[in-house]
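Ligands are counted one by one from 1 in listed order, and the atoms in each one are counted from 1 as well.
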Amino acid sequence: MENIKAVIFDLDGVICSTDEQHYQGWQALADKLEIPFSREVNNRFRGVSRMACMDILEEIGGKHYTDEEKVAYATWKNDYYRQLLGEMSPKDLSIEVKFTLDELRARGYLLTIGSSSKNTKYILQRLGLEGYFDAISDGTNIVKSKPDPEVFLKSADFISMPYENCLVVEDAISGVEAAHAAGMKAASVGDAAENNMGDFILKSFSDLLKLLPSMK
Ligand code: BG6
Ligand code: MG
């Protein structure tokens with residue numbers, strides 16, 4: 001790990017537990033459209049862009065929607081999801097996550113975000129992390145969704161960091177695949193860790209401090 005100088009964090013399911021609110025939003029839409037849905041199916045949505053999730057939902061339900069209908073349904077889900085996000089506050093940032101981030105920064109690492117979400121900046125603001133990261137690459141600056149590496153390559157580019165010097169932290173299988181496609185190592189939590197994906201499986205977020213020594 002001596003070559004790691006920057007850590008790129010996924011957001012939903014890594015920095016915060018908004019993966020749960022995403023699930024609730026998709027479950028509500030699936031119920032409305034009478035499509036069978038579950039937490040297990042929702043794991044396929046991790047790391048995947050909103051419209052790509054809508055395509056998967058259409059496929060699961062065996063439905064054929066027009067592009068306009070798909071945009072309308074994805075917007076309905078996003079409105080529902082944003083209402084849940086409105087209840088978030090800095091109290092929803094876990095002490096362990098904040099302590100680990102602060103300690104990594106004190107050890108000399110650059111810290112960035114690499115998320116498919118177009119709600120990234122809003123969520124960071126709700127958590128009191130606005131302006132905290134050295135760069136943010138998110139759903140507003142990418143064309144291709146994970147497992148494509150675009151979001152991580154851009155995150156590294158924003159801080160002018162060679163890709164091999166970045167470690168990605170992910171909860172999505174598609175996110176670990178994206179990190180590897182970017183030529184980066186990946187540390188996994190949550191669903192990706194449970195599926196043994198990643199170069200380092202973290203039992204808890206603060207295990208990052210065992211992996212990344214002080215650079216000073
Ligand atoms: C990712 C989530 O971070 O963002 C996905 O893991 C989600 O589940 C994607 O679909 C897009 O999010 P948003 O907020 O732009 O709808
Ligand atoms: Mg995630």
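Cluster membership for Val189 and Val97, using ILVMFWY side-chain heavy atoms within less than 4.5 angstrom, is shared.
No other N/O/S atom of Asp10 lies as close to the Mg ion (ligand 2) as OD2 does. Among the heteroatoms counted here (N, O or S) of Asp171, OD1 is the one nearest to the Mg ion (ligand 2). Minimum-distance N/O/S atom of Asp12 relative to the Mg ion (ligand 2): O.
In terms of polar-atom proximity, defined here as any N/O pair under 3.5 Å, Trp26 makes no such contact with ligand 1.
Side chain of Asp102 to main chain of Phe99: no donor-acceptor pair is present (N/O by atom type, distance under 3.5 Å, no hydrogens or angles).
Here His22 has side-chain heavy atoms under 4.0 Å from ligand 1, and that is the only part of it that gets that close. The parts of Ser117 lying near ligand 1 are both backbone and side chain, judged by heavy-atom distances below 4.0 Å. When non-hydrogen atoms are compared, ligand 1 lies under 4.0 Å from the backbone of Val48 (N, CA, C, O) but not from its side chain.
Among all non-hydrogen protein atoms, the one lying nearest atom 8 (O) of ligand 1 is Phe45 O, 2.9 Å. Considering only non-hydrogen protein atoms, atom 15 (O) of ligand 1 sits nearest to Lys118 N, 2.7 Å. With hydrogens left out, the protein atom closest to atom 6 (O) of ligand 1 is Gly47 N, 2.8 Å, a heavy atom. Looking from atom 3 (O) of ligand 1 to the surrounding protein, the closest heavy atom is Asp12 OD2, 2.6 Å.
Within the model, atoms CD of Glu96 and OG of Ser204 stand 4.0 Å from one another, a figure rounded to the nearest 0.5 Å.
For a distance bound of 2.8 Å, the N, O or S atoms of Asp19 include none lying that close to the Mg ion (ligand 2).
Two rings, from Phe37 and Trp26, have their centers 6.0 Å or more apart.
Arg46 and Asn43 are linked by a side-chain donor-acceptor pair at a separation below 3.5 angstrom, with hydrogens and angles left out of the test.
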